[in-house]
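Sequence positions, counted from 1, serve as the residue numbers for this chain. Computed over heavy atoms, backbone and side chain alike; hydrogens, waters and symmetry mates excluded. For ligands, and for the atoms within them, numbers begin at 1 and follow the listed sequence.
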Amino acid sequence: MPCYKNVYITTPIYYVNDIAHIGHAYTTIIADTLARYSRMSGLDTFFLTGTDEHGQKIEESAKTKGKSTQAYADEISATFKNLWNDFHISYDKFIRTTDQDHKTGVQKAFSVMYENGDIYKDVYKGHYCISCETFFPKTQLVDDEFCPECGKSTVIVEEESYFFKLSKYQDKLLEWYHNNPDCILPKSKRNEVIRFVEGGLDDLSITRTSFDWGVKLPENLNDPKHVMYVWLDALMNYVTALGYGTDEKNMHYWPAHVHLIGKDILRFHAIYWPAFLMSLGLPLPKHIAAHGWWTRDGEKMSKSKGNVVNPREVADAYGLDNFRYFLLREVPFGGDGDFSQKALIDRINSDLGNDLGNLLNRLTGMSEKYFEGNVNCTDVNKFYQAELDEMEASLEKLEPMLFEMQIHRYLEELWRPLSIANKAIDRYQPWTLMKEGKTEEVMALNGLVAVILAKVSTMLYPVMPETSVKIANVLCFKIDHASWNHLIKQKNLLSSFVLEKIPPLFPRIEEPLLAQTGSENKKSEAKAARKEEQKTTEQKNEGIALIGIDQFFQTSLKVGTVIEAEEVPKSSKLLLLQVDIGEENPRQVVAGIKEWYSAEDILGTQVCMVANLKPAKLMGLKSEGMLLAAKDSEGLSLIRPEKPKTAGTPIG
Ligand code: ME8
């Protein structure tokens with residue numbers, strides 16, 4: 001947790017030359033998560049996002065669309081703002097670099113740098129990449145012509161320009177990196193920056209005369225043909241948004257706690273920006289955190305391939321919170337990530353459905369069945385202190401992980417208490433305790449599960465706000481600073497309440513919900529070809545199919561716990577079972593075992609089950625699995641794990 005009271009969090013401001021894609025959503029959702037946690041923990045928080053609207057690239061995009069540059073910028077900027085609003089991104093300000101306040105602030109900064117001798121006028125000769133809005137020395141070009149960042153052809157620019165004395169700040173920058181080991185996150189990126197700066201810094205051209213769409217120089221310089229270099233203009237947004245150069249009422253938020261960016265723009269943020277700030281006499285940001293790159297199904301996203309992930313489509317199909325969880329859980333911060341519908345579906349069905357949703361379901365099921373929905377935590381300490389201690393030890397680790405950008409580890413650790421709760425149910429078997437008349441213990445077990453769900457949903461709120469609020473509603477509490485303080489900081493339990501049943505939070509997803517891309521289709525075709533091959537092998541072996549180990553693993557075998565058992569009326573063979581296999585809902589299984597097992601025998605015992613059979617109907621009842629059993633002349637015997645195992649444990 002930052003040790004100061006004000007927390008300022010920023011995203012990059014996005015170019016208005018195209019609509020938002022998954023990469024933009026990723027950065028913005030990380031920033032939103034940090035801002036939400038920061039507010040919940042009582043810190044005075046300011047969260048900034050916005051659009052970067054000047055420069056040659058935007059001017060050219062507008063021209064191709066036959067629109068005025070301002071109208072074009074207005075239109076695209078609004079698509080970003082609307083998306084963030086629909087995504088409930090909790091920004092405090094949405095800045096546009098075409099805002100008058102921003103332009104005034106940038107001009108003020110230019111004057112300050114000019115007056116303190118950091119800006120001089122000369123002629124710039126060199127290579128410029130319009131797409132990246134960046135000058136490159138010849139030594140960095142590919143084949144003496146192409147941009148080292150995007151590979152596009154650069155143009156040779158020779159024009160009068162104002163220069164910023166970047167070279168003057170080389171040593172001061174190195175000193176800053178060395179004295180602040182966390183200033184650039186992840187730390188590996190800091191080493192890259194240090195190596196680059198040690199290689200020598202050239203002064204930076206900070207004005208252009210060959211186009212017009214930018215911030216003009218301060219009037220007293222009387223040089224109207226120059227507009228400011230788009231990166232000077234853009235980086236300044238982080239302070240003009242707080243009122244730098246105009247109404248400075250929010251400048252107390254400066255310096256930023258973190259600038260969240262993609263690794264593509266690290267150089268601008270870790271070298272130019274701190275140098276500009278040093279020149280302006282402003283403090284430097286605490287952290288610059290650069291995340292990795294998203295691809296789709298292993299391929300770079302591009303419009304021409306038609307594989308750009310549209311965040312709105314994904315959120316509409318799979319749910320916004322589920323998408324947020326996937327983005328933050330799937331990749332370690334700083335690493336590259338791959339989006340595929342399969343990976344997203346796996347996360348939803350497994351982490352969210354089986355671990356979280358199923359636990360809530362188990363709690364509502366047990367408390368309704370045994371206590372008419374009443375939950376009481378009074379005796380949790382008496383019976384389950386070890387579980388409480390284990391849970392608190394996990395929760396304590398969380399906050400630092402978030403502020404060190406270890407968000408995937410934060411979520412991983414947050415899942416540990418869920419597993420503590422799921423294991424406690426399997427181990428103490430409330431149905432057996434009830435049979436033994438240990439009602440108090442079962443009530444306390446429900447209390448333990450409820451407390452774990454309450455604490456987990458509070459800490460999950462920054463990542464999955466809507467879902468967490470739904471869980472909190474079931475548990476009759478409100479997620480806010482007071483409850484965070486009560487449950488997390490002070491480590492208290494919940495008071496008594498009556499819970500309400502809600503529909504499953506994460507219905508199982510069986511098939512991709514969005515149209516498949518070319519490479520997803522290729523994967524499906526390959527799967528079909530493998531199936532065909534398998535058929536032929538079976539034919540060759542005259543009915544005795546030899547299978548490979550991968551084919552064996554296509555059968556999902558799981559350990560299950562029978563939580564309900566009854567006879568099927570009018571049937572001499574069938575029992576109707578509800579089997580918990582670690583999913584959100586128990587599986588209903590119609591088993592032909594009545595000749596050898598009574599409902600009472602099997603209740604509360606463990607079985608082995610085929611979990612991926614197509615559902616079938618027996619005597620009009622849906623059966624969603626098959627129990628493993630061995631039958632010989634002496635009768636049938638169920639196959640069971642030798643020692644108790646957590647419901648859902650895979651067999652294989
Ligand atoms: O660079 N994977 O704007 P921009 C992950 N205006 N993140 C991605 C991504 C991908 N495939 N593609 C984009 C600019 N991003 C400047 C910023 S700030 C003073 C000026 C994200 O619209 C990532 O955050 O090109 C990256 O840094 C940002 O979008 C670039 O957005």
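Using a 3.5 Å distance cut-off with no hydrogens or angles, the side chains of Tyr8 and His252 do not pair a donor with an acceptor. For the residue pair Ser131/Lys152, the side-chain donor-acceptor check at 3.5 Å is satisfied. Counted by atom type alone, Gln341 and Tyr318 present one or more donor-acceptor pairs between their side chains at under 3.5 Å.
Residue pairs meeting the side-chain hydrogen bond (donor to acceptor under 3.5 Å, both in side chains) criterion with at least one member in residues 403-413, sequence neighbours excluded: Ser394-Glu413, Glu413-Arg416.
Taking the six-membered ring where the residue is Trp, Tyr272 and Phe268 present perpendicular rings, their angle passing 60° and hence far from 30°.
For the ring pair (Phe, Tyr, Trp, His ring centres under 6.0 Å) criterion with Tyr124, the lone passing option out of Phe135, Tyr162, Phe164 is Phe135.
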Could you list each N/O atom of ligand 1 together with any protein N/O atom closer than 3.5 Å, one pair per line with the distance?
residue	atom	partner	partner atom	Å
ligand 1	2 (N)	Trp294	N	2.9
ligand 1	6 (N)	Ile13	O	2.8
ligand 1	6 (N)	Asp52	OD2	2.7
ligand 1	11 (N)	Trp293	NE1	3.4
ligand 1	11 (N)	Trp294	O	3.3
ligand 1	12 (N)	His21	NE2	3.4
ligand 1	22 (O)	Tyr15	N	2.9
ligand 1	22 (O)	His24	NE2	3.3
ligand 1	24 (O)	Thr27	OG1	2.7
ligand 1	24 (O)	Gly262	N	3.3
ligand 1	27 (O)	Gly262	N	2.9
ligand 1	27 (O)	Asp264	OD1	2.9

